[in-house]
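These notes are about the structure you will find just below.
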2 protein chains.
Amino acid sequence: MEDVARRAGVSTATVSRTLRGLPNVSADTRGRVLAAAAELSYVVSPIASRLASRRTHTVGVVVPHAARWYFSKVVAGAEEVLREAGLDLLLYSLGDLSARTRFFDQLPLRRRVDAVLTVAMPLTEPEYEAVHTLGVPVVATGLRATGTHCVRIDDTGVMLTAVEHLAGLGHRRIGMISTYADQSMWLPVAHERRAGYLAGLAVTGLPVEPDLVVSVPFGVSGGERAMRRLMERPDPPSAVVAESDELAFGAVAAARRMGLAVPGDVSVVGIDDHDLSDVMDLTTVRQEVVEQGVQAGRMIVRAVQHPGEEPRELVLPTSLVVRGSTAPVAGSSP
Amino acid sequence: MEDVARRAGVSTATVSRTLRGLPNVSADTRGRVLAAAAELSYVVSPIASRLASRRTHTVGVVVPHAARWYFSKVVAGAEEVLREAGLDLLLYSLGDLSARTRFFDQLPLRRRVDAVLTVAMPLTEPEYEAVHTLGVPVVATGLRATGTHCVRIDDTGVMLTAVEHLAGLGHRRIGMISTYADQSMWLPVAHERRAGYLAGLAVTGLPVEPDLVVSVPFGVSGGERAMRRLMERPDPPSAVVAESDELAFGAVAAARRMGLAVPGDVSVVGIDDHDLSDVMDLTTVRQEVVEQGVQAGRMIVRAVQHPGEEPRELVLPTSLVVRGSTAPVAGSSP
DNA sequence: CCGTGCTTTGCAAGCGCTTACATACAGAGG
DNA sequence: CCTCTGTATGTAAGCGCTTGCAAAGCACGG
């Protein structure tokens, strides 16, 4: 920077101001500085500038599992807008429980970030407090959050939509594939979607049969297991809603492997509109995952610029996508 | 840090040495310092330490498309080992061509990283030079690289395996779904896999029919389009290999939508063993994608610690996974 | 011609660490 | 008892920026 200053015939302070686009630099000076910087192909050292300005220009993004479809989409969406805003993104993938406890114990984000983005991470009370000792704004995606900004979808609503769709096709006995807490992650979402399922039954006047809800670990193989459990019953349901498309994929596969036709013998609907849902011909309720990341990124940027604003909540719309995995119930009037 | 020093009755230099685990600190002092740090719940400021030590402790990871299956897996694998080694990971998702040119023009990694990891990014000569002006070690995954470390699979070998499998089932006319350069990404991989396909034909004594190779953009819908093109021919092939599982998914879906049974009318094999390949019942050649990330991460760590070592190349094994999308050719002896 | 209020620029003190170098001290060897 | 090594610690000079404050320059009205 000193070289640039010398070449432009100004002080380093002026170079600094110019390069950061501060207003109180004359056009003439600005030109000389920019020229000098270009000639020397100089870029400021972000590290030095962070130390001096006491801002990290970094946001911590913590996800349960970076490689999963949902999370990688959200992260990709957020990455784009954060980079645009000049913020670095520090990814923490918590993976298993031990990584999670270590993370919240040691809080490696201390002194490293200006904001935190949690992606579908329900925080326990102590975890919540731990994060807040960082003293930086927090934005949550993927679930309802209190006390922080958040962007999410209507998790009960999506399930309600799914059930209504099936009921509209004449299905009277609808099973649900739910998940149980894998390390207490996702818990609230599972809960809300289950509530949506129940609400759907209520709205359409169907009876609740608790045995028709089976809970499995998240993932394709969980979906398979759940489907098998449902369809091996003496009185299997004629339709099944799954908490997510990946579970639904497993369900469809399991049904076919059991010799059942989808949707002939059983209809299946998922939630997400996963990249492969079209290929699987899966009826689903679409959510815009990348968009959630983008919006979360915008919230982060706002929060970094104006800390201490009222927590804002953004609920993104969803929509039913009807494909070939659902059909009128067998035996209904043609 | 000063507070810790005072509390432990030593100088900040000693605190620094202790906290970084340098050897020349007496056990007694070490204990006092650690205790003081713990009591004050002090952690060093990574930023200050980076400025003073002139090392960023950060590695730049550049990928074409962060949200895609392959890339998010590699990144997740690398993230784990880099974090373990105390290195931050700075993700650059290049997305489209304009982002890419901007990236290599401005080189935002300047003064930011101690190493670079490129994931399945064939670099043009100028791009290669640009990256090398950073003066840091570079590791490439997903393709053969010269002049830098790299971890990859045998891209011609996987395709050879796929073709041999089909030939072994009696297929004599095997189509291939290839990709064409979307922004010159992936180019070399596509090339090598096509070479593997041709090698497979040669080895099994099958004739080359250039029309049986169709190139489409990467993705499920590309696979669909390609399959339609192949199967609408007057003389469609009895089997198809796809450059990747995602293309194969599209191919299978397209076949079914055309009323063709898989594998009854046409066998399909992919490359990857994607998370959903099992559910799609797709025969494929498995590669360990997360493991590639892990190994690349290890290489990065080594390279950061011992810069200037000979470029190393690591070729990971692959294996054929036979599922239900391939069967003996119709009309062959039962 | 001088005081005022702007805008533009420079000065210099940090930001919170690391590290070369100097120092102190303890035991070993003569 | 004294020098010689080697280890343990302290001193202080940076690392490369930002920024509060002061100074300088300028136009303007009185």
Side-chain angles (χ1 to χ4, degrees), chain A residues 1-37 40-58 86 88 108-114 134-136 304-305, chain B residues 1-37 40-58 86 88 108-114 134-136 304-305:
Chain A
M1 180 175 253
E2 222 163 302
D3 297 341
V4 176
R6 208 173 305 123
R7 190 175 191 108
V10 296
S11 72
T12 63
T14 302
V15 174
S16 172
R17 287 190 270 255
T18 304
L19 262 23
R20 277 176 305 139
L22 298 193
N24 47 349
V25 178
S26 74
D28 174 49
T29 311
R30 178 181 310 279
R32 290 208 319 284
V33 169
L34 291 179
L40 300 173
S41 74
Y42 165 86
V43 290
V44 306
S45 156
I47 292 179
S49 117
R50 285 165 192 196
L51 177 58
S53 67
R54 304 142 129 306
R55 312 240 256 83
T56 65
H57 288 281
T58 300
D88 284 349
L109 293 180
R110 279 188 286 175
R111 313 188 74 172
R112 292 183 164 255
V113 296
D114 291 340
L134 292 173
V136 300
V304 165
Q305 283 160 1
Chain B
M1 180 174 255
E2 223 163 302
D3 298 340
V4 176
R6 208 173 304 121
R7 191 177 190 107
V10 296
S11 71
T12 64
T14 301
V15 173
S16 172
R17 286 190 273 253
T18 304
L19 262 25
R20 277 176 306 139
L22 297 193
N24 47 348
V25 177
S26 73
D28 173 50
T29 311
R30 178 181 309 278
R32 290 210 317 283
V33 170
L34 292 179
L40 300 173
S41 73
Y42 166 87
V43 290
V44 306
S45 156
I47 293 178
S49 114
R50 284 164 191 196
L51 178 59
S53 67
R54 304 142 132 306
R55 312 240 256 84
T56 64
H57 288 279
T58 299
D88 284 349
L109 293 181
R110 276 187 288 174
R111 312 188 77 173
R112 292 183 165 252
V113 296
D114 291 340
L134 292 173
V136 300
V304 166
Q305 283 160 359

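Order of the sequence lines fixes the chain letters, A, B, ..., with proteins taken first and strands second; residue numbering starts at 1 for each chain.
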Can you check the [X] [atom1] to [N] [atom2] distance for me, whole Å?
X	N	atom1	atom2	result
A/E2	D/dT18	CD	P	14 Å
A/L19	D/dC17	CG	P	9 Å
A/H57	D/dC17	NE2	C1'	12 Å
B/D28	D/dT7	CG	P	18 Å

When the nearest nucleotide of DNA chain D is assigned to A/V15 and to B/V10 on a heavy-atom basis, which residue is associated with the more 5' position?
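That would be B/V10.
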
Ignoring the backbone of B/N24, work out which of C/dT8, D/dT19, D/dT9 is nearest its side chain.
->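 Comparing C/dT8, D/dT19, D/dT9 against the side chain of B/N24, the answer is D/dT9.
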
Taking [X] for the side chain and [Y] for the main chain, is one N or O donor matched with an acceptor at less than 3.5 Å?
X	Y	value
A/T58	A/D88	no
B/R54	B/R50	no
A/S53	A/S49	yes

Within the structure, does a side-chain N or O atom of [X] lie under 4.0 Å from either OP1 or OP2 of [N]?
X	N	result
B/T14	D/dG10	yes
A/R17	D/dT18	no
A/R20	D/dC17	no
A/T29	C/dT9	yes

Could you measure the distance from the CZ atom of A/R17 to the OG1 atom of A/T14? Nearest 0.5 Å is fine.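 One finds 5.0 Å between CZ of A/R17 and OG1 of A/T14.
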
If you measure from OG1 on A/T56 to CZ on A/R111, what distance do you get to the nearest 0.5 Å?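 Taking OG1 in A/T56 and CZ in A/R111, the distance rounds to 12.0 Å.
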
N/O contacts under 3.5 Å, protein versus nucleotides 14-16 of chain D?
residue: D/dC15; atom: O2; partner: B/A52; partner atom: N; Å: 3.4

- Item | Working for side chain to side chain donor-acceptor pair (under 3.5 Å), residues A/R30 and A/S26 | CA-CA 6 Å; A/R30 178 181 310 279; A/S26 74; over 6 Å; no

